[in-house]
Amino acid sequence: MFKVVKRLKEHFSGKKGIDKITVTIDANTDPLMDKLKEIREDVSGKIESVTLSDTPKFSESFIAELDKALNDYHQKQFKKK
């Protein structure tokens, strides 16, 4: 939509008195909404529950990232004092 308005504005910008061009696109959204409803019904019937582990395990790279972020935060806090 933005590209259409931008191109029209560029096209007509040489003429006097044209400051703003508005384009309205009318589309029937019923087919899209019907398809989304089908997808939602298919998915909702298949997902029953999710089980999370009592002992979550994180990758070493993730832990290293958190450690670096914590160290950076502590350094910034120390510099403010």
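- Through chains of ILVMFWY side-chain contacts below 4.5 Å, Leu36 is grouped with Leu32, Met33.
- The side chain to side chain donor-acceptor pair (under 3.5 Å) check on Thr29 picks up nothing, with sequence neighbours excluded.
- Thr51 meets the side chain to side chain donor-acceptor pair (under 3.5 Å) test with no other residue; sequence neighbours excluded.
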Give the table of side-chain donor-acceptor pairs shorter than 3.5 Å for residues 62-74, with sequence neighbours excluded, one pair per line with atom names and distance.
| from | atom 1 | to | atom 2 | distance (Å) |
| --- | --- | --- | --- | --- |
| Lys68 | NZ | Asp72 | OD2 | 3.0 |
| Asn71 | ND2 | Asp67 | O | 3.4 |

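- Annotation: salt bridge (Lys or Arg N to Asp or Glu O under 4.0 Å) contacts involving residues 27-37, sequence neighbours excluded, comprise Lys35-Glu38.
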